[in-house]
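For reference, the structure discussed in these notes is given below.
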Amino acid sequence: MSGQLGLGDFFQKYLQKEPLIINKKVLQEHYIPDVLLHRQQQIELIASMLVPALRNEKPSNVFVYGKPGVGKTACIQYIIGHLEATAKTNGANLKTIYLNCKLRTVANTEYRVMAELARGMGVEVPATGLPTDEVYNKFITVVDQKPQVVILVLDEIDRLIAKAGDEILYNLTRINSSLKNAQVSLIGISNDVRFMENIDPRVKSSLGEEEVIFPPYNAIELKEILERRAAVAFRPNALAEGVLEKAAAVAAREHGDARRALALLKVAGEVAERDNSEKVKAEHIDKAEESIEKDRVMDIISSQPKQSQLVLHAILLTTTGRKMETGEVFEKYKDLCIHAGQSPLTQRRISDLIGELDMLGIINAKVISKGRYGRTREIYVSISDELLSKIKVKLQEEL
DNA sequence: AGGTATTCACATGAAACTATTCTCTGAGTTAGG
DNA sequence: TAACTCAGAGAATAGTTTCATGTGAATACCTGT
């Protein structure tokens, strides 16, 4: 495009062209459809467990397992929504609080969970400054004001326990004994199936009263889910033959993750629009996959603290010989620190940071023993060269 | 040859420390009656 | 005397440091054949 006329033309064209995506909302992560396909069984099961709440009786504690993107959260929110609505029309005293424990700043410690729960009940609790049991008391007091059933949904509870220990669960399961009027039930949602194994047995028995397992979707189910959404989200005939199948297949490869399938479809649609393509084609799915991966990595990197970025930079600069060890990276890292005017952290910490980067999937680090020559992490990077150089540039900028 | 014992280079754990942010409390101060 | 200000005590949290202990297997070192 040269000059203003050209640009004006461009905008005109853009406006005249019919968009491929006509309702983006349906493809977004938090959208909950009216009908949840292939989850009828689980929904009925959970609903039957919770139904005593409508008669002001305490439902069992429920535990829900399943890999990411298999509809756990969506189902629970769906059920809870209907349950609350029914309770309202029938005059039952029911209150539900949904809490996602993954969110870093919201609820990944005992204090924050309790504070958030108390807020859910309508008490203002400061972000810091109070003793934890004070918050417990506040929560108990509000809950116990009147006879009611309170259902607490703790999503991604495994993360919470990993960070903050299982004391919270113990306290929450015992909370009923300090309540006179109200009753509290717990719904735990976990991605990790083996989560229960290393938990205080006292908690285990009371929390795991009922368990529901969400199996992954298979490719066919995923395709049906996508079909349903695509019909609303895209203009008619916007999808080329085989696009849905492809998206479903890609997502099915990764433990049947519907969230991922939808993201793929959405990004593919956006890519296709940008390409001025008539339809969304299978190749757009490939591009979408790349783009999603790139965004993911870039997001993670920029949200990382400086020291961690330095470590990553050190790794990328050392990586010429394909794989390296903790010691090497640490040396390089110290160099970089001096260069950047930062005081270097201990090797102990660097070891942890490398572990974190590994968990985030940006690098691969595996502990190996080299016998006589010690034990260390073998670190390597498996990112396309193109992305790699982009990351390097980005790190240069940030540091 | 076969079997132990060493040894390396970190990994992994636990505890303690630091800095920051925030509440609460009570002493001291101020202004108005 | 009521209202206000302000410093200090306590808490929670993230990010580290310090100290201590663990560890897998390639070598070094025996041993008896």
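Proteins come first, then strands; the chains are lettered A, B, ... in the order of their sequence lines, and each starts at number 1.
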The single option from A:L117, A:L179, A:I151, A:D144 passing side chain to side chain contact (heavy atoms under 4.5 Å, CB included) against A:V184
A:L179

Counting only side-chain nitrogens and oxygens, does [X] get under 4.0 Å of the OP1 or OP2 atom of [N]?
{"X": "A:T132", "N": "C:dA12", "value": "yes"}
{"X": "A:R112", "N": "C:dA14", "value": "yes"}
{"X": "A:T346", "N": "C:dT17", "value": "yes"}
{"X": "A:T326", "N": "B:dA9", "value": "no"}
{"X": "A:T109", "N": "C:dT13", "value": "yes"}

Does A:T96 form a side chain to side chain donor-acceptor pair (under 3.5 Å) with A:E84? I'd like the steps, not just the answer.
CA-CA 8 Å; A:T96 63; A:E84 262 192 328; 3.0 Å; yes

Using a heavy-atom cut-off of under 4.0 Å over every strand shown, decide if A:R348 touches base, sugar-phosphate, or nothing.
base

Using a heavy-atom cut-off of under 4.0 Å over every strand shown, decide if A:E134 touches base, sugar-phosphate, or nothing.
nothing

Answer yes or no: is there an ion pair linking A:K223 with A:E245, defined by an N-O contact shorter than 4.0 Å?
yes

Donor-acceptor pair (no angle test) under 3.5 Å: A:R349 side chain, C:dT16 base
no

Could you tell me whether the side chain of A:Q342 and the main chain of A:C337 form a donor-acceptor pair under 3.5 Å?
no

In whole Å, I'd like the distance from the [atom1] atom of [X] to the [atom2] atom of [N].
{"X": "A:L345", "N": "C:dA14", "atom1": "CG", "atom2": "P", "result": "17 Å"}
{"X": "A:Q307", "N": "C:dG15", "atom1": "CD", "atom2": "C1'", "result": "10 Å"}
{"X": "A:E378", "N": "B:dC8", "atom1": "CD", "atom2": "P", "result": "21 Å"}
{"X": "A:Y136", "N": "C:dA11", "atom1": "OH", "atom2": "P", "result": "17 Å"}
{"X": "A:D352", "N": "B:dG13", "atom1": "CG", "atom2": "P", "result": "10 Å"}
{"X": "A:L160", "N": "C:dT13", "atom1": "CG", "atom2": "P", "result": "11 Å"}
{"X": "A:R375", "N": "C:dT23", "atom1": "CZ", "atom2": "P", "result": "8 Å"}
{"X": "A:Q347", "N": "C:dG15", "atom1": "CD", "atom2": "P", "result": "21 Å"}

Got a second to check how far A:S190's OG is from A:L154's CG, nearest 0.5 Å?
11.5 Å

Among the nucleotides C:dA11, B:dT12, B:dT23, whichever has the atom closest to the side chain of A:L130 is B:dT23

Between C:dT17, B:dC10, C:dT13, which nucleotide has the shortest distance from any of its atoms to the side chain of A:Y111?
C:dT13

Sorted by position of nearest nucleotide on DNA chain B, 5' first, the leading residue of A:Y373 and A:R377 is A:Y373

Assuming nearest nucleotide by heavy-atom distance, tell me which of A:T128 and A:R372 is located more 5' along DNA chain B.
A:R372

